[in-house]
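What you see below is based on every heavy atom in this structure, not just the backbone, and it leaves out hydrogens, waters and symmetry mates.
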Amino acid sequence: YKTLIDLAILLKNRIDVYTQTSEKYILDELNKCDLINLHPAIPYEKLISIEKRAKLIIQVKTLEKNYIKDTANGFSTKIADSLGLGIPLLVVCNKESFLYKYLEEYDCFLLCSTLNEAKRMFDNYLCNMAFIDKKIKNSLKTFRLNHNAEKNSEKFYFPTSSKMPIRYH
């Protein structure tokens, strides 16, 4: 949450935050920041509806040294959902994380590993529509390739009558 607060202050822009956390100290800290509009968790369909109307979606993973290991292998389902929306997404996360490496490989989003880098991206993203269009096209392509529930279920579904050999390692 500290990275998110620092980002809001650096961007000097209001950020709507939807959170499921019930941790009072986190909610108190987020509420102290005048640039954060804190909202409780809402149903998935409503969140997607709000995101579809957004000019930019921001996803922040902590850059706090004490917590970087905790988020190193995480991959939020919100990232996968955002890939398919066609809305620019600014992602701030540790450069060594799985998420960073995945998004970098597919060249999907405005990807940043520092707050200063995020500020540069934020300040310049509206001005460069060719850049944004490329990121959106890559996001949609990645979504179709890797995040399609029907395709994925076909990849991982093996009927019990299958004659595929079973291997144990």
Side-chain angles (χ1 to χ4, degrees), residues 1-21 30-31 33-64 67-68 71-152 155:
Y1 69 93
K2 289 180 183 177
T3 303
L4 178 60
I5 291 169
D6 292 344
L7 181 64
I9 292 167
L10 188 64
L11 297 180
K12 297 177 186 160
N13 209 300
R14 281 202 167 300
I15 299 175
D16 284 302
V17 175
Y18 295 84
T19 182
Q20 295 180 14
T21 191
L30 290 170
N31 275 318
C33 182
D34 293 336
L35 294 172
I36 291 182
N37 297 325
L38 191 58
H39 304 276
I42 57 176
Y44 173 80
E45 294 78 18
K46 188 172 182 182
L47 181 61
I48 293 296
S49 174
I50 290 168
E51 288 181 338
K52 284 180 179 177
R53 295 188 311 264
K55 292 181 182 174
L56 177 71
I57 299 170
I58 299 174
Q59 178 72 234
V60 176
K61 297 293 182 189
T62 188
L63 296 178
E64 297 173 62
Y67 298 102
I68 284 178
T71 62
N73 296 315
F75 192 98
S76 170
T77 57
K78 290 167 193 68
I79 295 284
D81 293 340
S82 298
L83 282 165
L85 291 176
I87 305 293
L89 181 75
L90 176 68
V91 176
V92 181
C93 64
N94 181 300
K95 205 170 201 162
E96 299 304 314
S97 69
F98 171 78
L99 176 62
Y100 189 97
K101 291 172 184 175
Y102 178 84
L103 296 175
E104 183 179 48
E105 178 183 345
Y106 289 97
D107 195 22
C108 295
F109 295 130
L110 310 173
L111 186 56
C112 313
S113 62
T114 68
L115 292 175
N116 287 331
E117 193 178 356
K119 170 106 172 95
R120 278 193 306 277
M121 285 281 196
F122 183 82
D123 289 344
N124 296 316
Y125 97 94
L126 285 174
C127 304
N128 189 340
M129 288 313 294
F131 177 75
I132 294 302
D133 286 344
K134 175 185 172 196
K135 297 293 184 179
I136 289 172
K137 284 178 186 169
N138 289 349
S139 296
L140 293 170
K141 180 180 174 184
T142 302
F143 179 77
R144 285 189 300 272
L145 183 67
N146 297 333
H147 299 280
N148 179 299
E150 190 174 306
K151 274 184 164 180
N152 287 344
K155 285 181 195 175

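When side chains are defined from C-beta on, Ile132 does not count as touching Asn128, because their heavy atoms never get closer than 4.5 Å. Between Tyr1 and Val17 the shortest side-chain heavy-atom distance does not fall below 4.5 Å. Here the side chains of Asn13 and Leu35 are not in contact, with every heavy-atom distance at 4.5 Å or above. Side-chain contact check for Ile42 versus Ile50: some heavy-atom pair is nearer than 4.5 Å. Taking the side chain as every heavy atom from C-beta outward, Leu111 and Cys93 approach each other to under 4.5 Å.
Rounding to the nearest 0.5 angstrom, the gap separating the CD1 atom in Ile15 from the CD1 atom in Ile58 is 4.0 Å. Separating the CG atom in Leu47 from the NZ atom in Lys52 is a distance of 11.5 Å, to the nearest 0.5 Å. Considering CG of Leu89 and CG of Leu56, their distance stands at 7.0 Å, rounded to 0.5 Å. Rounding to the nearest 0.5 Å places CD1 of Ile87 at 10.5 Å from CZ of Arg53. Expressed to the nearest 0.5 Å, how far OG of Ser139 lies from CZ of Arg144 amounts to 10.5 Å.
The two atoms that bring Leu7 and Val92 nearest to each other are CD2-CG2, 4.2 Å, heavy atoms only. A pairwise comparison of heavy atoms in Gly84 and Leu140 identifies O-CD2, 3.7 Å as the closest pair. Closest heavy-atom contact between Met121 and Leu90: CB-CD1, 4.0 Å. The shortest heavy-atom contact between Tyr18 and Pro40 is CD2-O, 3.8 Å. Shortest non-hydrogen contact noted between Leu10 and Leu115 is CD2-O, 3.2 Å. Nearest heavy-atom pair, Ile57 versus Glu51, reported as atom, atom and distance to 0.1 Å: CD1-CB, 3.8 Å.
Among residues two or more places apart in sequence or in another chain, the salt bridge (charged side-chain N to carboxylate O under 4.0 Å, His left out) test is passed with Lys119 by Asp123. Checked against ring-ring contact (aromatic ring centres under 6.0 Å, His included), Tyr106 has the following partners two or more places apart in sequence or in another chain: Tyr102. The salt bridge (charged side-chain N to carboxylate O under 4.0 Å, His left out) test applied to Asp107 returns Lys134, Lys135, not counting sequence neighbours.
Proximity of a side-chain donor or acceptor of Thr142 to a complementary backbone N or O of Asn138 within less than 3.5 Å is detected. Although no hydrogens or angles enter the test, the distance criterion places a donor-acceptor pair under 3.5 Å between the side chain of Glu117 and the main chain of Ser113.
The 12-atom threshold is exceeded at NZ of Lys101, counting heavy atoms of other residues, nucleotides or ligands nearer than 6.0 Å.
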Give the C-alpha distance, both sets of side-chain angles, the deciding distance and a yes or no for side chain to side chain contact (heavy atoms under 4.5 Å, CB included) between Asn94 and Tyr100. CA-CA 7 Å; Asn94 181 300; Tyr100 189 97; over 6 Å; no
